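One structure is given below, encoded as structure tokens.
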Number of protein chains: 2
Amino acid sequence: MTRATKKKAGENPEKTTRIQEINRRLILDAALDAFSTYGFRGTTIDQIADKAGMSKPNLLYYFPRKQNIYVTLLEETLEEWLAPLAEIDPEGDPIEQLRKYITLKIRMSESHPEASRLFANEVLHGAPAISEFLSKHLKPLVDEKAAIIRRWVGEGKLAPVDPYHLIFMIWATTQHYADFDVQVRAIMGNQVGRPGFNEQTAQAVLSIILNGIRPRL
Amino acid sequence: MTRATKKKAGENPEKTTRIQEINRRLILDAALDAFSTYGFRGTTIDQIADKAGMSKPNLLYYFPRKQNIYVTLLEETLEEWLAPLAEIDPEGDPIEQLRKYITLKIRMSESHPEASRLFANEVLHGAPAISEFLSKHLKPLVDEKAAIIRRWVGEGKLAPVDPYHLIFMIWATTQHYADFDVQVRAIMGNQVGRPGFNEQTAQAVLSIILNGIRPRL
DNA sequence: CAAAAACTTGACTAGTTGGTCAAAATGCAG
DNA sequence: CTGCATTTTGACCAACTAGTCAAGTTTTTG
């Protein structure tokens with residue numbers, strides 16, 4: 001026996017057991033909560049293990065490094081996060097396509113604010129773990145959609161507007177409600193939780209942006 | 001001698017020496033750099049002391065706790081950060097006033113991106129150190145300006161728009177370029193540093209938002 | 001149902017980090 | 001120039017935390 005390596009979950013390639021599936025999920029859910037609130041450095045493995053209801057060594061059996069959990073989470077999140085952008089249809093009506101996109105983005109910020117904050121935190125700190133993703137996946141997709149928007153502008157279907165800055169504005173505005181939630185609450189107080197607040201937000205954002213880019217005569 | 005307290009900088013009330021002034025500044029500058037990049041937890045006292053060119057105990061002579069440096073920085077930054085909002089003139093032309101406000105905010109994000117990131121990081125993590133500031137200072141100011149914008153809308157000088165969401169949109173968009181700088185660079189590449197880029201950004205943001213809120217017939 | 005594989009954990013280690021302390025060096029008022 | 005206050009620092013400590021390990025328990029499989 002020359003093998004001296006320790007056994008880790010998923011050692012057996014291609015094989016994930018039922019227990020592995022359950023526990024990985026428990027860990028990732030707990031970690032998303034913690035990382036999105038306290039950041040990478042601010043979160044301890046013990047915290048995550050506690051929240052996931054298992055011992056620290058057990059957690060480390062599934063993810064040998066803290067960094068692994070973090071990166072896995074980011075990867076899981078990013079694809080989902082980008083999906084709405086990919087759905088913009090070059091053949092559709094420009095205003096309608098952008099309305100749909102903005103609406104989807106707002107809904108995502110409402111339903112997955114932790115994901116938004118996880119991502120925001122990573123980018124804010126220089127995106128050390130995902131800089132490759134940004135250049136290899138995000139940039140090409142944005143370039144593609146920017147070209148579509150530019151064409152729409154050329155055809156007079158949108159007011160003259162830089163497509164990149166338009167996309168940034170949509171990102172910034174929609175994610176603001178997740179990332180700066182505390183600030184929004186401090187200012188708008190009890191309104192935030194109230195029924196209809198989300199619709200009101202979507203309405204306000206859509207109104208300003210869509211009117212801002214509607215073709216002018 | 002019953003006094004047993006240790007001596008700390010500024011022990012003598014009302015008296016700051018020349019050396020104190022210099023060193024506090026050195027520390028705060030170094031700390032802004034570090035905190036805005038790595039966050040509170042991600043920054044070590046040693047790092048700050050190194051950057052400030054002094055020993056750790058010496059740094060602690062001026063700021064007995066890491067937290068003190070952080071809070072001092074935030075306080076210093078926040079007032080400055082809010083100043084442009086306070087300048088909105090209720091008697092001025094609405095579109096012009098908002099144009100000026102947006103322009104000032106963009107310029108601040110360009111000239112003090114670290115301050116923007118420091119603040120973003122704090123809010124993102126639940127604003128534990130400044131929740132009081134948000135409710136005691138920020139909210140009243142925003143309420144005041146929101147009332148002005150609401151009046152303008154009532155007078156037909158602006159399209160019907162929720163003033164709070166408008167303010168959030170301006171914040172989100174302008175600060176995006178500082179907070180998500182890495183992402184902006186990943187997508188727009190070498191354009192970012194180029195002369196004229198900042199003007200182009202300001203132009204794009206102003207164009208969309210101002211046209212989005214211009215009164216419609 | 002027995003053996004192997006997968007899973008779980010208490011106890012531990014090594015490295016990091018916020019903060020202390022006492023003594024030395026420097027600055028400064030008279 | 002002298003003596004007191006201010007400033008500076010090397011050495012140190014206690015708390016925390018990522019990750020290890022060996023020994024046990026549970027689950028799966030032939």
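Reminder, nothing fancy here: chain letters follow the sequence lines and each chain counts from 1. Quick caveat: nothing in here was measured; it's all calculated off a predicted structure.
- Comparing A:Thr43 and A:Pro57 by the nucleotide of DNA chain D whose heavy atom lies nearest to each, the residue mapping closer to the 5' end is A:Thr43.
- Distances from the side chain of A:Thr44 to the nucleotides C:dG18, D:dT17, C:dA6 place D:dT17 closest.
- Taking atom CE on A:Met54 and atom P on C:dT8, their separation rounds to 7 Å, with Å as the unit.
- Of the candidates A:His125, A:Gln67, A:Glu122, A:Gln67 is the only one forming a side-chain contact (heavy atoms from CB on, under 4.5 Å) with A:Phe40.
- Among D:dT8, C:dA6, D:dA18, the nucleotide with an atom closest to any side-chain atom of B:Ser55 is D:dT8.
- A donor-acceptor contact under 3.5 Å links the side chain of B:Lys56 to the base of C:dG18.
- Whole-Å rounding puts the A:Leu60 CG to D:dT17 C1' distance at 11 Å.
- Aromatic pair B:His165/A:Tyr177: centroids less than 6.0 angstrom apart.
- Put simply, CZ on A:Arg41 is 16 Å from P on D:dC16, counting in whole angstrom units.
- Taking atom CG of B:Asp46 as the reference point, atom P of D:dT9 lies 13 Å away to the nearest angstrom.
- Relative to the side chain of A:Arg65, the nucleotides D:dT20, D:dA18, D:dT9 differ in distance, and D:dT20 lies closest.
- Ranking D:dT6, D:dT8, C:dG19 by closeness to the B:Gln20 side chain, first place goes to D:dT6.
- Residues A:Met108 and A:Trp81 are in side-chain contact: their nearest non-hydrogen atoms beyond the backbone lie under 4.5 Å apart.
- Which of D:dA18, C:dA6, C:dT9 sits closest to the side chain of A:Lys66 comes down to D:dA18.
- Each of A:Gly53 and B:Ile45 lies near DNA chain C, and the nucleotide nearest A:Gly53 is the one positioned closer to the 5' end.
- A straight line from CG of B:Leu26 to P of D:dT8 spans 10 Å, rounded to a whole angstrom.
- A side-chain donor-acceptor contact under 3.5 Å links B:Tyr164 and B:Asp143.
- Contact between the side-chain N/O atoms of B:Arg18 and the OP1/OP2 oxygens of D:dT6 is not found at any separation under 4.0 Å.
- Regarding contacts with the backbone of D:dT9, a side-chain N or O of B:Asn58 is found under 4.0 angstrom from either OP1 or OP2.
- Distance A:Asn23 CG to D:dT27 C1': 13 Å, rounded to the nearest Å.
- Summarising the local packing, CZ of B:Phe197 is surrounded by more than 12 heavy atoms from other residues, nucleotides or ligands at distances under 6.0 Å.
- Put simply, CD on A:Glu21 is 16 Å from C1' on C:dC7, counting in whole angstrom units.
- At a threshold of 4.0 angstrom between heavy atoms, the contacts of A:Tyr62 are confined to the sugar-phosphate backbone, with no base atom among them.
- The distance from atom CG of B:Asn68 to atom P of C:dG19 is 8 Å, rounded to the nearest whole Å.
- Remark: A:Tyr61 is not in phosphate contact with C:dT8, judged by side-chain N or O atoms under 4.0 Å from OP1 or OP2.
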